[in-house]
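Throughout, numbering of the chain's residues begins at 1 and tracks the sequence.
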Amino acid sequence: MAEYRVVPIDAADTHDLRLRVLRAGTPSSDVEWVGDNLDTTVHLGVVDDSNAIVAISTWLIMPSPDVTEPGAAGLQLRGMTTDPSPAIRGVGVGALLLQAGIEIARQRDADHVWANARTAVLGFYTRVGFEIVSGEFMSKATDLPHRRILLHLR
């Protein structure tokens, strides 16, 4: 079994998986997103033994629209995905990546982490403590159903 580790990556390093997985079968092929190149944005990747990127996520400083406390500090998780290969899916790389991002949020003294999550993967997030905080909505970029999720860190 391969060894996996989480590493910081550049925005451009997310483009391959964003296109192949997150934009597959959707009306958009856009892989360059607002906020990708901010100094405060963090892109994480999971790499295997050969240093191939097998999972990605992006973390932006952005409070959730569902947190109304003044001064609340939040990080938005965007574009999290793993390589669709059966050898990669289901072996824990997604959980490894998510925990690394949550740790970064804690280090940045964030109150919460949130995301617009595809409805099809809500179980992944709720198993680690995220709560569903919105009704279902269709993403304009993907034409797929999403719901906002939120994880309080305090």
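- Each of I9 and I88 belongs to its own hydrophobic cluster when Ile, Leu, Val, Met, Phe, Trp and Tyr are linked at side-chain heavy-atom distances under 4.5 angstrom.
- In the hydrophobic clustering of this structure, L144 does not group with V121; members are Ile, Leu, Val, Met, Phe, Trp, Tyr whose side-chain heavy atoms approach within less than 4.5 Å, directly or through other members.
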Margin query: Please evaluate residues W59 and L77 with respect to the criterion side-chain contact (heavy atoms from CB on, under 4.5 Å), reporting the C-alpha separation (whole Å), side-chain torsions for both, the decisive distance (0.1 Å), and the verdict.
Written below: CA-CA 5 Å; W59 302 80; L77 165 60; 3.6 Å; yes
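- What you find for P8 and L44 is that their closest heavy atoms are CA-CD2, 4.3 Å.
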Next item on the list: Please test L122 against F130 for side-chain contact (heavy atoms from CB on, under 4.5 Å), starting from the C-alpha separation and ending with a verdict.
Entry: CA-CA 9 Å; L122 289 173; F130 279 85; over 6 Å; no
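- Between the side chain of R108 and the backbone N or O of I104 there is no donor-acceptor pair closer than 3.5 Å.
- Residues V47 and V6 do not share a hydrophobic cluster, clusters being chains of Ile/Leu/Val/Met/Phe/Trp/Tyr side chains in contact below 4.5 Å.
- Under the 3.5 Å distance criterion, the side-chain polar atoms of R118 are matched with a main-chain donor or acceptor of L22.
- Here the side chains of T41 and M62 are not in contact, with every heavy-atom distance at 4.5 Å or above.
- With rounding to the nearest 0.5 Å, the separation of CD in E32 from CG in N37 is 7.5 Å.
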Next item on the list: Report the C-alpha distance between I61 and L75 in whole Å, list the side-chain angles of each, state the deciding distance to 0.1 Å, and finish with yes or no for side-chain contact (heavy atoms from CB on, under 4.5 Å).
Entry: CA-CA 5 Å; I61 295 176; L75 260 66; 4.2 Å; yes
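- Annotation: side chain of Q99 is in contact with side chain of V128 (closest heavy-atom distance under 4.5 Å).
- Remark: the backbone N or O of G74 is not paired with any side-chain donor or acceptor of D111 at under 3.5 angstrom.
- One distance of note links NE2 of H15 with CD1 of I53; it measures 11.0 Å at 0.5 Å rounding.
- Residues M138 and D143 meet the side-chain proximity criterion, which asks for heavy atoms closer than 4.5 Å.
- Going from atom CG of D49 over to atom CD of E3 covers 6.0 Å, rounded to the nearest 0.5 Å.
- Across every non-hydrogen atom of R148 and F137, the tightest pair is N-CE2, 3.8 Å.
- Formation of a donor-acceptor pair under 3.5 Å by the D83 side chain with backbone atoms of S85 is found in this model.
- At least one donor-acceptor pair under 3.5 Å links the side chain of T119 to the backbone N or O of P145.
- Summarising the geometry, atom OG1 belonging to T14 is positioned 7.0 Å from atom CH2 belonging to W33; distances are rounded to the nearest 0.5 Å.
- For the residue pair L60 and R78, the shortest heavy atom distance occurs at CD1-CD, 3.4 Å.
- A pairwise comparison of heavy atoms in V46 and V93 identifies CG2-O, 3.8 Å as the closest pair.
- Nearest heavy-atom pair across L153 and A105 is CD1-CB, 3.7 Å.
- Judged by distance alone, the side chain of H152 and the main-chain N or O of L150 form no donor-acceptor pair under 3.5 Å.
- In this structure the side chain of M80 reaches within 4.5 angstrom of the side chain of Y125, judged on heavy atoms.
- Screening D30, D36, D13 for a side-chain hydrogen bond (donor to acceptor under 3.5 Å, both in side chains) with R18, the sole residue that qualifies is D36.
- Note on W114 and L97: separate hydrophobic clusters, where clusters join Ile, Leu, Val, Met, Phe, Trp and Tyr whose side-chain heavy atoms are under 4.5 Å apart, directly or indirectly.
- Looking at every heavy atom in both residues, T82 comes nearest to V21 through O-CG2, 3.8 Å.
- Rounding to the nearest 0.5 Å places CD1 of I102 at 12.5 Å from CD of Q107.
- No path of Ile, Leu, Val, Met, Phe, Trp and Tyr side chains, each step under 4.5 Å between heavy atoms, connects Y4 with I56, placing them in separate hydrophobic clusters.
- The shortest side-chain heavy-atom distance between T142 and S28 does not fall under the 4.5 Å cut-off.
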